[in-house]
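The residues of the chain are indexed from 1 along the displayed sequence. Since the model is a prediction, treat every value here as computed from it, not as a measurement.
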Amino acid sequence: MTLPYATLPGDLDRLIADEHVVANRLFEHLEAGRGDRRMLVDQVSYGRALHAHAEEEVLYPALAEIGAAPDAEEGRDEHQALKRLLVLLDHADPGSHEFERALNKLIGGIRHHIEKEEREFLPALRRAVGAEEMGRLGERYLAAKRSAPARSHPTVPPTGRRRGLMHMAAGFMDKVRDRVSGRSNVLATDASWLLDTQAQRILDTWSRLVLAPYELLTLEQARQQPSLADAAMEILQQDGRPTDPEEVGSAADVTVPGPGGDLVVRVYKPLGQTPDPVPVVMWVHGGGWILFTNDDYDASCRALVNRTGAIVVSPEYRKAPEHVFPAAHEDVLATYRWLRTNATGLGGDPSRIAIGGEGVGANMAAATCGQLKQAGEPLPVAQVLVCPLTTTAQYGASMRDAADARPLNRPLLSWMMMHAFRGVTDSLKDPRVDLLPLSAQGLAGLPPTLIVTTDRDVLQSQGDEWCARLEAAGVQATSVRYAGVMHDFFGLAAVLDKAAHAQEEVAVHLRQAFGKAPAAHPLDGAPMRGAKVIG
């Protein structure tokens, strides 16, 4: 099921529908016999507990207020039956008759519940209260999820005065039980067994480090959570391996003028740089426009310096929601223009500047190229887009197939956009961020482009489609997909072999554009050109 109408990130019906897609994808793993069965059910149980609590706090009272009290009562009754099944699953062993019987009943019950909500309850509520109110209800729904117990409690009444106190006590006990059992350690990892061993270890480690899945946190809490780079550091320490960053000639922050004030830009220079000017790469970090800094993407920049021999420049753009769209895009464009003027002073060659980025950083890199083209200004000699966001729509098969993936799943993408475009939702269709609708004429003449995607990333389909549209417009475009790894994998080469291969693939593309030899540090012989999927 999918909602038969458009929604905005943060709307109540969008939040609920995203959770539905994740639950159904977890069920598909269970039905296919893949993944860690206990872990998958623990994730289902956790998600359903929060979902049921928040619906009982927000959705069902809203339905009652519009005269749909029977629908609300039906929903509550279904929740109680599903909660009892989840309690059985919590106590039964995977593979046992009791476990499998309860699981089959749960899957059928939740799918029926999903269909009813998406076909009847949610459309009726939107018609009655309007789009603006669905946004306010969405905020209340997220707050209710943050206060919910982590397990299902069918003995707690779904309404009434005793509900709050009983849920508070249950929530405290759930935290203790989950900490002792280790259940809390697996709630933010990928339980599908679709990742390779190294990638799985990274996400398992990260899941143990974070407070909770990002989309359940406040923005302030999320900004304090460890990143995948921190998980990689933890693995290096566990293995007794060096944790020093990859050595480069220098890495220093400089201040440049920006449209909203001074910007901090980090400049990485290669070891043994000669007096001759060297190429320059502007690399834009990710984080959904709201999270992370250059520190979290430091490894990507250092790797590119050493693999290309270029200077790498990375802007620290303004973050939303303090600075909503188009603040970050304007900062990236301003940094590129500053770089073109000041490359010589850095020891760089202004005629050999490339641009690239990861996630929304890739979006801003692509948008910068488009804006330069439109303004008739010199374009970069190449661009690299790693796991790019190229549309704000929930586009393509990967939005379903990787809905449960980590670190970026479907609910988190909506959560990020909710914060990034707060108060400026009309900007979701701005051609600087929503790239896929651009015409072939608007794309023609863009620089040679390498697009790197992964198969456990909700953004994979839109990355592939962007490559196809560039090719159709006559742009030299190549797409390389890495199997068995996740979004935001690129900078993890110290603990992930496929990240090292991807870095080399990117370096080959850049060095060719710079007119240099194909590879600086070959891995396993010849670089990988022309491969669509790298397993």
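Between D430 and P326, the closest side-chain pair of non-hydrogen atoms is not below 4.5 Å. Between D296 and H285, the closest side-chain pair of non-hydrogen atoms is not below 4.5 Å. Residues P226 and V210 meet the side-chain proximity criterion, which asks for heavy atoms closer than 4.5 Å. Contact annotation: the side chain of Y317 never approaches that of L263 to less than 4.5 Å [non-hydrogen atoms, C-beta and beyond]. Counting heavy atoms from C-beta outward, W415 and L216 have side chains that stay 4.5 Å or more apart. Side-chain atoms of Y268 and I311, non-hydrogen and from C-beta on, never get closer than 4.5 Å to each other. Side-chain contact check for L228 versus F292: every heavy-atom pair is 4.5 Å or farther apart. You'll find the side chain of D42 stays beyond 4.5 Å of the side chain of Y46, heavy atoms only.
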- Step by step, work out the side chain to side chain contact (heavy atoms under 4.5 Å, CB included) result for L459 and T453. CA-CA 8 Å; L459 304 182; T453 64; over 6 Å; no
- Might you work through the ring pair (Phe, Tyr, Trp, His ring centres under 6.0 Å) test for Y214 and W206, ending with a clear yes or no? CA-CA 12 Å; Y214 273 49; W206 177 73; 5.7 Å; yes
- Worked check of side-chain hydrogen bond (donor to acceptor under 3.5 Å, both in side chains) between D404 and H29: CA-CA 10 Å; D404 62 310; H29 297 321; 2.9 Å; yes
- Dump the intermediate steps for salt bridge (Lys or Arg N to Asp or Glu O under 4.0 Å) on R307 and E246, then the final yes or no. CA-CA 11 Å; R307 291 174 182 271; E246 188 173 341; 5.7 Å; no
- side chain to side chain contact (heavy atoms under 4.5 Å, CB included) between L389 and W289, intermediate numbers included: CA-CA 11 Å; L389 183 144; W289 294 293; 4.0 Å; yes
- Message: Using side chain to side chain contact (heavy atoms under 4.5 Å, CB included), reason through M416 and L408 one step at a time and then give a plain yes or no.
- Response: CA-CA 10 Å; M416 286 177 162; L408 181 64; 4.2 Å; yes
- Would N24 and V21 count as a side chain to side chain contact (heavy atoms under 4.5 Å, CB included) if you check the C-alpha gap in whole Å, the side-chain angles of each, and the deciding distance to 0.1 Å? CA-CA 5 Å; N24 198 56; V21 177; 5.9 Å; no
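Put simply, the side chain of D253 never gets that close to the backbone of V264: no donor and acceptor are under 3.5 Å apart. Remark: side-chain polar atoms of R37 are paired, donor with acceptor, to backbone N or O of L30 under 3.5 angstrom. Counting only distance, with no hydrogens or angles, the side chain of R456 and the backbone of V485 share no donor-acceptor pair below 3.5 Å. Side chain of Q221 to backbone of T218: a donor-acceptor contact under 3.5 angstrom is found. Side-chain N or O atoms of T392 include none that pairs as donor or acceptor with a backbone N or O of D434 at under 3.5 Å. Here the side chain of S461 pairs no donor or acceptor atom with the backbone of Y395 at under 3.5 angstrom. For the pair Q503 (side chain) and F490 (backbone), a donor-acceptor distance under 3.5 Å is present. The main-chain N or O of A477 is never found under 3.5 Å from a side-chain atom of T449 such that the two would form a donor-acceptor pair. Under a 3.5 Å cut-off, the side chain of N294 and the backbone N or O of S314 do form a donor-acceptor pair. Judged purely by atom type and a 3.5 angstrom limit, T335 has no side-chain atom pairing as donor or acceptor with the backbone of P315.
Of all heavy-atom pairs spanning P242 and L236, the tightest one is O-CD1, 3.7 Å. When every heavy atom of P245 is checked against every heavy atom of R302, the shortest pair comes out as CB-NE, 3.7 Å. Here the closest heavy-atom approach between residue L492 and residue A232 is recorded as CD2-CB, 4.0 Å. The two residues L510 and A382 come nearest to each other via the heavy atoms CD2-CB, 4.3 Å. Across all non-hydrogen atoms, the minimal contact from G348 to V280 is CA-CG2, 3.7 Å. When all heavy atoms are compared, the tightest approach of P270 to G309 is CG-O, 3.7 Å.
For the pair R318 and E330, the salt-bridge criterion is met [side-chain N within less than 4.0 Å of a carboxylate O]. Using a 4.0 Å cut-off between charged side-chain N and carboxylate O, D190 and R406 make no salt bridge. Note on R223 versus E220: no salt bridge recorded, every NZ/NE/NH1/NH2 to OD/OE distance being 4.0 Å or above. A salt bridge is absent between D204 and R208: the closest approach of a Lys/Arg side-chain nitrogen to an acidic carboxylate oxygen does not fall below 4.0 angstrom.
The CE atom of M282 lies 8.0 Å from the OH atom of Y336; values are rounded to the nearest 0.5 Å. Here the CG atom belonging to L103 is positioned 4.0 Å from the CD1 atom belonging to I107, to the nearest 0.5 angstrom. Distance check: S45 OG to L50 CG gives 10.0 Å after rounding to the nearest 0.5 Å. For the atom pair Q371 CD and R432 CZ, the distance stands at 6.0 Å (nearest 0.5 Å). Between the CE atom of M486 and the CG atom of L496 there is a distance of 6.0 Å, given to the nearest 0.5 Å. Taken from OG1 in T391 to NZ in K429, the straight-line distance is 5.5 Å, to the nearest 0.5 Å.
With L385 as the partner, the side-chain contact (heavy atoms from CB on, under 4.5 Å) test is satisfied by one option alone out of L450, I355, I451: I451.
Counting non-hydrogen atoms of neighbouring residues, nucleotides and ligands closer than 6.0 angstrom, the CD atom of E247 reaches no more than 12 such neighbours.
Side-chain contact check for D488 and Y297: at least one donor-acceptor pair (N or O, by modelled atom type) lies under 3.5 Å. No hydrogens or angles considered: a donor-acceptor pair under 3.5 Å links the side chains of E358 and W283.
Considering only residues two or more places apart in sequence or on other chains, Q476 meets the side-chain hydrogen bond (donor to acceptor under 3.5 Å, both in side chains) condition with none of them. Scanning for ring-ring contact (aromatic ring centres under 6.0 Å, His included) contacts around F325 gives H329, F421, with sequence neighbours left out.
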